[in-house]
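See structure below.
Note that ligands are numbered from 1 as they come in the structure, with each ligand's atoms numbered from 1 the same way. Hydrogens, waters and symmetry mates play no part in the numbers below; they use all other heavy atoms, side chains included. Here the structure is a predicted model, which means the values were calculated and not measured.
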Amino acid sequence: MIQFKGKAALITGGSRGIGAETARMFAELGADVAINYLSSPGQAEKVKADIEKIGRKCLMVKADIGNRADCDNLVKATVSEFGKIDILVNNAGIWNEAAIENMTDEILDRLLDINLKGCFYTTSATVPYMKKQKSGNIIFVSSTAGQRGEAWHSHYAASKGALISMTKSLCPELAPGGIRVNCVAPGWVDTDMSHDALIGPDGPRYLSYIPLGRAATARELAAPIVFMASDWAGFIDGEVLNVNGGAVLVG
Ligand code: NAP
């Protein structure tokens, strides 16, 4: 069975949605888990309580993933608590709408800082520890938007496409150090991020594009993320795993 006994995992954006379920699932399978939160301390407390209830440790750190110093502190705090860092899931992200003619620096910079630069910050802070251990697993959470584009969300789609090319760049760069780098690309997932859109007037149209006829649950994303970090995926590297109910069929 997949198990992470003795492993330490850091899940960014672990306070809610996909990140929270991923944190819980890693703990269920034996890992100690670090999560960050920014605006949802109460939700992060709930995740921490759930993890402690099943007998694993949970470190909860306030960190803005769009800020390099916060990301450095988050990684340092994880290593200082658990003595190492085996798994990094770059999951924190935001999704907002902006037509290209309304794409101010403020909108663009904030999204790219969190969705893209934050992944560079956490990954570059983590890799030296993984290299020292000669092992590690890094997972990026992209999106179908990064594969097929998304009208009125060009900044979001660009950030998610960049995570795919980042995955493919870091795979050969880090493989000699014993570090696997993979990507999971969700389609619609029913979380706080997308719930209003899914129940809004365009919701039925979004769902009609999904052969399975519904949005995923956060837990249906946690499982493939956990799988990619496990020994069962030991020869999978530089891969993009589509988890979209058949909506976007890309290789
Ligand atoms: P969500 O429910 O909105 O949760 C987002 C998480 O990211 C929260 O834990 C939030 O923490 C954290 N976060 C956001 N900005 C942050 C910042 N500046 N610093 C630190 N943490 C920050 O979203 P989700 O649906 O779980 O999405 C998770 C990932 O999946 C994202 O990268 C998203 O783009 C991707 N994705 C989602 C969908 C979907 O349909 N939901 C589809 C494709 C891809 P706080 O609340 O504590 O601030």
For this session: May I ask you to decide whether Asp64 forms a salt bridge with Arg110, counting only side-chain N to carboxylate O separations under 4.0 Å?
Result: yes

For this session: Treat each ILVMFWY residue as a node, draw an edge where side-chain heavy atoms are under 4.5 Å apart, and state whether Leu111 and Tyr121 are in one component.
Result: no

Seminar exercise, completed: Among non-hydrogen protein atoms, atom 16 (C) of ligand 1 lies closest to Ile114 CG2, 4.1 Å

For this session: Distance to 0.1 Å, residue and atom name: give those for the protein heavy atom nearest to atom 31 (C) of ligand 1.
Result: Asn91 O, 3.2 Å

Exercise. Got an N/O contact under 3.5 Å between Gly13 and ligand 1?
Worked result: yes

Exercise. Does Pro186 reach ligand 1 with a nitrogen or oxygen that is under 3.5 Å from one of the ligand's nitrogen or oxygen atoms?
Worked result: no

Exercise. What part of Ser142, side chain from CB on, backbone N/CA/C/O, both or neither, has a heavy atom under 4.0 Å from ligand 1?
Worked result: backbone

Seminar exercise, completed: In ligand 1, the atoms that come under 4.0 Å of a heavy atom of Ile94 are 14 (C), 15 (N)

Seminar exercise, completed: The protein heavy atom nearest to atom 46 (O) of ligand 1 is Ser40 OG, 2.5 Å

Seminar exercise, completed: Counting heavy atoms under 4.0 Å, the part of Arg110 that contacts ligand 1 is side chain

For this session: Show which atoms of ligand 1 fall inside a sub-4.0 Å distance from at least one heavy-atom site of Ala63.
Result: 19 (N), 20 (C)

Exercise. Is the backbone of Thr217 close enough, under 3.5 Å, to the side chain of Glu220 for a donor and an acceptor to pair up by distance?
Worked result: yes

For this session: Might you point out which heavy atoms bring Leu174 and Lys131 nearest each other, and give the distance in Å?
Result: CD2-CE, 4.0 Å

Seminar exercise, completed: The residue among Val226, Asp86, Val33 that forms side-chain contact (heavy atoms from CB on, under 4.5 Å) with Phe4 is Val226

Problem set entry | Main-chain N/O of Ile236 paired to Asn182 side chain as donor or acceptor, under 3.5 Å | yes

Exercise. Out of Asp70, Asn90, Thr78, which one pairs with Thr122 under the side chain to side chain donor-acceptor pair (under 3.5 Å) rule?
Worked result: Asn90

For this session: Report the nearest protein non-hydrogen atom to atom 14 (C) of ligand 1: residue, atom name, distance rounded to 0.1 Å.
Result: Gly93 O, 3.6 Å

Problem set entry | Distance from atom 10 (C) of ligand 1 to nearest protein heavy atom, with residue and atom | Arg16 NH2, 3.6 Å

Exercise. Would you say the side-chain atoms of Arg24 pair up with the backbone N or O of Arg219, donor to acceptor, closer than 3.5 Å?
Worked result: no

For this session: Starting from atom 37 (C) of ligand 1, locate the nearest protein heavy atom and write down its residue, its atom name and how far away it is, to 0.1 Å.
Result: Met193 SD, 3.7 Å

For this session: Would you kindly specify which portion of Tyr156 sits under 4.0 Å from ligand 1, judged on non-hydrogen atoms: side chain, backbone, both or neither?
Result: side chain

For this session: Spell out, yes or no, whether Val127 and Met166 are grouped together once hydrophobic residues are joined by side-chain heavy atoms under 4.5 Å, including indirect joins.
Result: yes

Exercise. Taking NZ, NE, NH1 and NH2 as the nitrogens, is one of them in Glu52 or Arg56 under 4.0 Å from a carboxylate oxygen of the other?
Worked result: no

For this session: Consider every N or O of Ser143 and every N or O of ligand 1, then say whether any pair is closer than 3.5 Å.
Result: no

Problem set entry | Aromatic ring pairing Tyr156/His153, orientation class (parallel under 30°, perpendicular over 60°, tilted between) | perpendicular

Exercise. If every non-hydrogen atom of Thr167 is compared with every non-hydrogen atom of Cys183, which pair is closest and at what distance?
Worked result: OG1-CB, 3.5 Å

Exercise. Which is closest to atom 24 (P) of ligand 1 by heavy-atom distance: Asn36, Leu221, Asn244, Thr191?
Worked result: Thr191

Exercise. Does any N/O atom on Ser39 come nearer than 3.5 Å to any N/O atom on ligand 1?
Worked result: yes

Seminar exercise, completed: Nearest non-hydrogen protein atom to atom 11 (O) of ligand 1, with distance, is Ser15 OG, 3.1 Å

For this session: Consider every N or O of Gly66 and every N or O of ligand 1, then say whether any pair is closer than 3.5 Å.
Result: no

For this session: Determine, considering heavy atoms only, which of Val141, Ile65, Asp192, Leu38 sits nearest to atom 30 (O) of ligand 1.
Result: Val141

For this session: Report whether Leu198 and Met193 are members of the same hydrophobic cluster (ILVMFWY, side-chain heavy atoms less than 4.5 Å apart, transitive linking).
Result: yes

Seminar exercise, completed: Taking only non-hydrogen atoms of Asp64 and a 4.0 Å limit, the atoms of ligand 1 in range are 17 (C), 18 (N), 19 (N)

Seminar exercise, completed: atom 22 (C) of ligand 1 has as its nearest protein heavy atom Ala92 CB, 3.9 Å

Problem set entry | Those atoms of ligand 1 less than 4.0 Å from some heavy atom in Lys160 | 31 (C), 32 (O), 33 (C), 34 (O)

Exercise. With no hydrogens and no angle check, is any side-chain donor or acceptor of Asn67 less than 3.5 Å from a backbone partner on Ala69?
Worked result: yes

Exercise. Does some non-hydrogen atom of Gly187 fall short of 4.0 Å from ligand 1?
Worked result: yes

Problem set entry | Atom indices of ligand 1, in the order listed, that fall short of 4.0 Å to a heavy atom of Tyr37 | 47 (O)

Problem set entry | Residue portion contacting ligand 1 (non-hydrogen atoms closer than 4.0 Å) for Gln43 | neither

Exercise. Minimum heavy-atom separation for Ala229 to Phe26, with atom names?
Worked result: CB-CZ, 3.8 Å

Seminar exercise, completed: Quick note on ligand 1: atoms under 4.0 Å from a heavy atom of Trp188 include exactly 40 (O)

